[in-house]
2 protein chains.
Amino acid sequence: MPELPDLTVFAESLQKLVLGKRIERVVYDRKQQANAEPQALAAAMQGRKLTAVERVGKELLFKLDSGESVLIHLMLTGGFRCSQRQEQVAFAVLTLLFNDGQALVAFDPKGWLKVALNPDLSERAPDALDVTREYLEGMFDKKPKTVVKSFLLDQQSIAGIGNAYADEILWQAKISPKSLVGKIPKDVVAKLALAIPSVLKQATDYLRKHHPGITAGEVRDFLAVHNPKAKTSPSGGPIIVEQIASKKTYYTDEQILFK
Amino acid sequence: MPELPDLTVFAESLQKLVLGKRIERVVYDRKQQANAEPQALAAAMQGRKLTAVERVGKELLFKLDSGESVLIHLMLTGGFRCSQRQEQVAFAVLTLLFNDGQALVAFDPKGWLKVALNPDLSERAPDALDVTREYLEGMFDKKPKTVVKSFLLDQQSIAGIGNAYADEILWQAKISPKSLVGKIPKDVVAKLALAIPSVLKQATDYLRKHHPGITAGEVRDFLAVHNPKAKTSPSGGPIIVEQIASKKTYYTDEQILFK
DNA sequence: ACGACTAACATAGA
DNA sequence: CTCTATGTTAGTCG
């Protein structure tokens, strides 16, 4: 559920809380949804210090002083919680117990959370913050009939955007979510390339300011159009709600349909 | 998606729902995937009554009281829906509005659904229910090096079998899906000729009983081996899952490999 | 020439 | 949220 802005703040929060602490014990027993055996994962982390927590697309990368790293995807319902001592956290999937008695818990009520030891990050799609106009043009030429909303959501094309920010970005760029990418004029593609980082950075700044320290959940109440409480966009366009690409989509007729 | 048993029940369901009704209006605008202009198709159907709905291979043939007919292939994701009045059906491709206010809609999210006016049915491969031992022997002699699973899936060789029922038939006949057709002994070819209609008729009976009236989708949960939930075949053989002929294939080592 | 394999496609369901 | 199954056809590789 959390997308790029939320996860960016999660990473910053966690970095403050756990950086440089030594991992004394690892509790992890789920075999599903991991690329390594529980023992291997525990062995890699135990006794190590965390040197960085970074966002990679919709995932967080925990770097260890051994040079190894652990990548966590929270999926739909996962989150992190930092707790004093070994308090029981509901739906804990992975627990790191530090030398100072604190703990970092990755939890997930649905149990879908994914853990990867030493992931291969070389083959990944560009992060949403790094997307350029040239990249979009190239991708749009390759598969011109893709619906633009689907394109933004495809993590193999751009990493970090989910259902909510896709709507925000398309509203900002004034492109209808149903547009076909091949039909979007060059100058509008340029506008989209600007809107992607712009919307995401603005949201990140908002979260940093109003929700510093968050490590779980999502904040959506400030969004312009992807917002059940809003009746109109900030510029007054009535918000249309519709299922597009199998996702609940909020948009307005201020957004041009290229088809 | 649907195969012979599903489509047989679709045809029966639709026949009950629409037979003898007069078509008042036809809504169809897609030019792609049809052998006739939209206007010609609409003209042929408007004002006509449906006299029969029959399955032909993996397609349904809608016969009109004019002697003309329309053939529809649902492809991967298509289906039919009967609706009261003109309710909006998502991904509608062809809509027939009847004199009693009911409607028959052929829909397809991918838009691949194929429509043919007055198709030529004379050059078709035999329907899976009509296949004989002699026919198989003749075909197997002509191209002896064909993998048997590919053969069953080839609509130019036998019409009506898809990925799921190919696995069911081969399990029933105790033939490994990787067998080369030229290497299958005569008595086993005879067994296969029996298994093809037997498996398909049994499945059709099951669907008629447990899912009467279906006009879309597919039911697969009752299959013996092509079934992700089953660990073993009904006779206890552990199920092997493998990509064969570019298709996900379920089989067991109870099935003999002729190679 | 022949067969085998791949890519393309959009959604539902797990 | 992500992954996978799914049928056909066109095109490529051996």
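A note on names: the letters A, B, ... follow the listed sequences, proteins ahead of strands, and every chain is numbered from 1. Values below: all heavy atoms of this structure, side chains included; hydrogens, waters and symmetry mates excluded. It should be emphasised that the depicted structure is a prediction, and the values quoted were computed from it without experimental measurement.
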Whichever of B:S150 and B:T77 has the more 5' nearest nucleotide on DNA chain C, that residue is B:S150
How close or far is atom P of D:dT4 from atom CG of A:D154, stated in whole angstroms? 14 Å
Separation of D:dC1 P from A:L152 CG (nearest whole Å): 14 Å
Nucleotide D:dT6, atom C1' - distance to NZ of B:K149 in whole Å: 12 Å
Check whether any side-chain N or O of B:K143 sits under 4.0 Å from OP1 or OP2 of C:dC2, and answer yes or no. no
Spatial distance of atom CG (A:L60) from atom NE2 (A:H73) [nearest 0.5 Å]: 10.0 Å
Measure from the side chain of B:V147, starting at C-beta and using heavy atoms only, and say which of C:dA4, D:dT8, D:dC1 lies closest. C:dA4
OP1 or OP2 of D:dC3 sitting under 4.0 Å from any side-chain N/O of A:K114? yes
On the nucleotide C:dA8, are OP1 or OP2 found under 4.0 Å from the side-chain N or O atoms that B:K110 carries? no
Could you check whether B:D108 gets within reach of a base, just the sugar-phosphate, or nothing at all, counting any heavy atom under 4.0 Å? nothing
Length of the line joining B:Q156:CD and D:dA10:C1', which is rounded to integer Å: 13 Å
In this structure, CG of A:D108 is separated from CZ of A:F80 (nearest 0.5 Å) by 10.5 Å
Output for pair (B:I239 CD1, B:K229 NZ), nearest 0.5 Å, gives 13.0 Å
May I ask you to verify if any side-chain N or O of A:S246 is less than 4.0 angstrom from the OP1 or OP2 atom of C:dA12? yes
Mind calculating the distance between CZ (B:R81) and P (C:dT11) to the nearest angstrom? 14 Å
Listed nucleotide nearest any side-chain atom of B:N163, set D:dT8, D:dC1, D:dT6: D:dT6
Ionic contact status for A:E59 with A:R124, cut-off 4.0 Å: yes
Of the nucleotides D:dC3, D:dT2, D:dG7, which has the atom closest to the A:M75 side chain? D:dT2
Winner on side-chain proximity to B:H226, out of D:dG7, D:dT2, D:dT6, is D:dT6
With the six-membered base ring of D:dC1 as reference, does the ring of A:W112 sit under 5.5 Å away with planes under 30° apart? yes
Lys/Arg-Asp/Glu bridge criterion (N-O < 4.0 Å) met for A:R220, A:E3: yes
Between P of C:dA10 and CD1 of A:I244, the distance in whole Å: 14 Å
Phosphate-side-chain proximity, A:K145 and C:dA10, N/O vs OP1/OP2 below 4.0 Å: no
The answer to which of B:K229 and A:P144 contacts DNA chain C further toward the 5' end, by nearest nucleotide, is A:P144
In whole angstroms, the gap separating C1' of D:dT8 from CD1 of B:I72 amounts to 17 Å
Side-chain N or O of B:H73 less than 4.0 angstrom from OP1 or OP2 on D:dT8? yes
Quick one: label B:K142 by what it contacts on the DNA or RNA (base, sugar-phosphate, nothing), any heavy atom closer than 4.0 Å. nothing
With a 6.0 Å cut-off (strictly less than), is the heavy-atom count around CD of A:Q243, excluding the residue itself, greater than 12? yes
On DNA chain D, more 5' by nearest nucleotide between B:I161 and B:Y250 is B:Y250
Select from B:A164 and A:G162 the residue whose nearest nucleotide in DNA chain D is closer to the 5' end of that strand. A:G162
Side-chain atoms of A:Q155 come closest, of D:dT8, C:dT11, D:dT2, to D:dT2
From CD of B:E218 over to C1' of D:dT6, roughly how many Å is that when rounded to an integer? 7 Å
